[in-house]
Amino acid sequence: LKQIHSSKAVVSTQSTGGPQQQLTAEQLREIQKLLMGGTPISHEAGSSQPCNKNFLEWSSVQAEIGSRNKEIHCPRCPSKICLADTATLVHCEMKMSRYKVDAPEEEVVTKFWMLTSLMAFENIGVSHLVDNIKFLSCADCEVGPIGWHDINDKTKFYIAAERVRYSGNN
């Protein structure tokens with residue numbers, strides 16, 4: 001993409017000698033959804049439909065405070081964030097920035113999976129320090145923030161329960 005504005009984008013293929021093309025509003029919305037963590041980007045082989053096989057959204061997961069997790073995956077790509085039974089569901093409040101295009105700029109998230117070690121993650125990205133907080137994202141596709149870590153407590157890492165998907169196999 002050469003440039004994105006609220007209503008139009010221009011794709012440049014000048015490096016390959018091709019012409020510039022203007023995207024439609026629908027194409028722009030799809031690109032923004034992908035960049036902001038909307039629709040999963042993985043696809044079944046030979047299909048244009050997202051790969052949602054065996055993944056559950058938070059609304060389909062039966063979990064109470066204190067319960068252990070199912071296998072947790074990135075909300076956009078099939079990357080595995082952590083294995084089953086490695087985190088405990090806790091209630092705490094954290095103001096987190098936008099995660100999806102149609103979400104508010106900031107929201108207070110209250111249900112998190114708490115892991116007790118960075119080594120308990122299968123795959124996680126960590127941001128630069130912001131007021132003693134490091135925000136967590138998918139290390140493969142960089143969607144986030146999906147969680148946070150306060151550097152003053154080396155034993156607590158939080159993944160927002162509503163911002164990830166779950167394996168339906170465990």
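Met94 is listed as a side-chain neighbour of Phe112, based on a closest heavy-atom distance under 4.5 Å. Side-chain contact between Met96 and Pro145 is present, with at least one heavy-atom pair separated by less than 4.5 Å. Between Val164 and Cys74 there is no side-chain heavy-atom pair separated by less than 4.5 Å. In this structure the side chain of Leu89 reaches within 4.5 angstrom of the side chain of Lys111, judged on heavy atoms. Counting heavy atoms from C-beta on, the side chains of Ser137 and Val143 never come closer than 4.5 Å. Considering only heavy atoms from C-beta on, Phe121 comes within 4.5 Å of Ile159 through its side chain.
Put simply, the side chain of Tyr166 gets close to the backbone of Ala161: a donor and an acceptor are under 3.5 Å apart. With Arg163 contributing its side chain and Val109 its backbone, the two residues share no donor-acceptor pair below 3.5 Å. Remark: the backbone N or O of Ala87 is paired with a side-chain donor or acceptor of Asn69 at under 3.5 angstrom. Checked by atom type and distance alone, the side chain of Arg165 never pairs as donor or acceptor with a backbone atom of His73 at under 3.5 Å.
The two residues Arg68 and Thr88 have their closest heavy-atom pair at NH1-OG1, 2.7 Å. Pairing each heavy atom of Cys77 with each of Asp140, the nearest pair is SG-CB, 4.1 Å. Residues Trp113 and Ala63 come closest through the heavy atom pair CH2-CB, 4.0 Å.
With rounding to the nearest 0.5 angstrom, the CG atom of Asn132 is 4.5 Å from the CG atom of Asn152. Interatomic distance, CG of Leu136 versus CG of Leu118, reported as 8.0 Å (0.5 Å rounding). Summarising the geometry, atom CE belonging to Met114 is positioned 11.5 Å from atom OG1 belonging to Thr86; distances are rounded to the nearest 0.5 Å. With rounding to the nearest 0.5 angstrom, the CD1 atom of Ile72 is 12.5 Å from the CG atom of Asn123.
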Problem set entry | Working for side chain to side chain contact (heavy atoms under 4.5 Å, CB included), residues Leu115 and Cys82 | CA-CA 9 Å; Leu115 289 85; Cys82 65; 4.0 Å; yes
Problem set entry | Criterion side chain to side chain contact (heavy atoms under 4.5 Å, CB included) on Thr116 and Phe157, from CA distance to verdict | CA-CA 6 Å; Thr116 57; Phe157 299 82; over 6 Å; no
For this session: Take Glu122 and Leu83 through the test side chain to side chain contact (heavy atoms under 4.5 Å, CB included) and record every step on the way to the result.
Result: CA-CA 7 Å; Glu122 293 293 304; Leu83 298 173; 3.5 Å; yes
For this session: Output, in order, the C-alpha distance, side-chain angles, deciding distance and verdict of side chain to side chain contact (heavy atoms under 4.5 Å, CB included) for Lys134 and Ile151.
Result: CA-CA 7 Å; Lys134 288 191 174 194; Ile151 64 163; 4.0 Å; yes
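Sorted by first and then second residue, the salt bridge (Lys or Arg N to Asp or Glu O under 4.0 Å) pairs involving residues 79-97 (not counting sequence neighbours) are Glu71-Lys80, Lys95-Glu106. The stretch residues 145-157 participates, sequence neighbours left out, in these salt bridge (Lys or Arg N to Asp or Glu O under 4.0 Å) pairs: Asp153-Lys156.
Taking the six-membered ring for Trp, Trp148 and Phe135 have ring centres at least 6.0 Å apart.
At most 12 heavy atoms of other shown residues, nucleotides or ligands fall within 6.0 angstrom of atom CD in Glu142.
Taking the side chain to side chain contact (heavy atoms under 4.5 Å, CB included) definition, one finds that His91 meets it with Ile65, Thr110, sequence neighbours left out.
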